[in-house]
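Take a look at the structure set out below.
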Amino acid sequence: MILWYYLRYIARHAHDLPWVHLVIGLIGNLFFVLGSIMFLYPASTHLGTWFFIIASWGLLIGVLGEIAARYEMRRRAAAAAAAAP
């Protein structure tokens, strides 16, 4: 349910924040790398698992937001082209 509200928000404000999803994806990738390093040491395996979970959600939100933003930009461009004489 929260993800649906997020996607609706992104659809409305995609043109205002085009770089946000790139940053979210970058942070997700960073957490994956850090989680991978933590798996090399038995003492930090538990924290590495949480880093993987956080990274997975970050990448999912980043990709879904990017899809919604691109869809909204194309929809607005099509509406503007149809309205133009």
Side-chain angles (χ1 to χ4, degrees):
M1 188 68 158
I2 293 172
L3 191 58
W4 184 78
Y5 284 119
Y6 172 74
L7 292 175
R8 293 222 7 156
Y9 175 82
I10 292 304
R12 291 183 187 149
H13 303 286
H15 61 284
D16 295 334
L17 306 168
W19 50 270
V20 170
H21 301 107
L22 181 65
V23 171
I24 292 172
L26 181 65
I27 291 170
N29 285 323
L30 178 66
F31 270 85
F32 264 119
V33 170
L34 293 175
S36 298
I37 292 169
M38 288 180 183
F39 268 102
L40 296 175
Y41 305 101
S44 61
T45 302
H46 185 73
L47 184 60
T49 302
W50 280 107
F51 271 39
F52 274 119
I53 292 170
I54 292 167
S56 297
W57 276 105
L59 292 175
L60 178 66
I61 290 170
V63 167
L64 290 177
E66 182 65 27
I67 290 170
R70 288 185 185 196
Y71 173 77
E72 181 65 17
M73 282 190 239
R74 285 185 182 169
R75 189 186 68 77
R76 289 182 185 197

d(R76 CZ, Y71 OH) to nearest 0.5 Å is 12.0 Å
Steps toward side chain to side chain contact (heavy atoms under 4.5 Å, CB included) verdict (V33, F51) = CA-CA 9 Å; V33 170; F51 271 39; over 6 Å; no
I27, N29, L26 screened by side-chain contact (heavy atoms from CB on, under 4.5 Å) with L59, the one that passes = N29
Can I53 be reached from I37 by stepping across I, L, V, M, F, W or Y side chains whose heavy atoms are under 4.5 Å apart?
-> no
Shortest non-hydrogen contact from G28 toward A55 | O-CB, 3.2 Å
Yes or no on side chain to side chain contact (heavy atoms under 4.5 Å, CB included) for F31 and F52, after CA distance, side-chain angles and deciding distance?
-> CA-CA 7 Å; F31 270 85; F52 274 119; over 6 Å; no
Within one Ile-Leu-Val-Met-Phe-Trp-Tyr cluster: I54 and I24, side-chain cutoff 4.5 Å | yes
Does one hydrophobic cluster hold both I61 and V23, with members joined at side-chain heavy-atom distances below 4.5 Å?
-> yes
For the residue pair S44 and M38, what are the closest heavy atoms and their distance?
-> OG-O, 2.8 Å
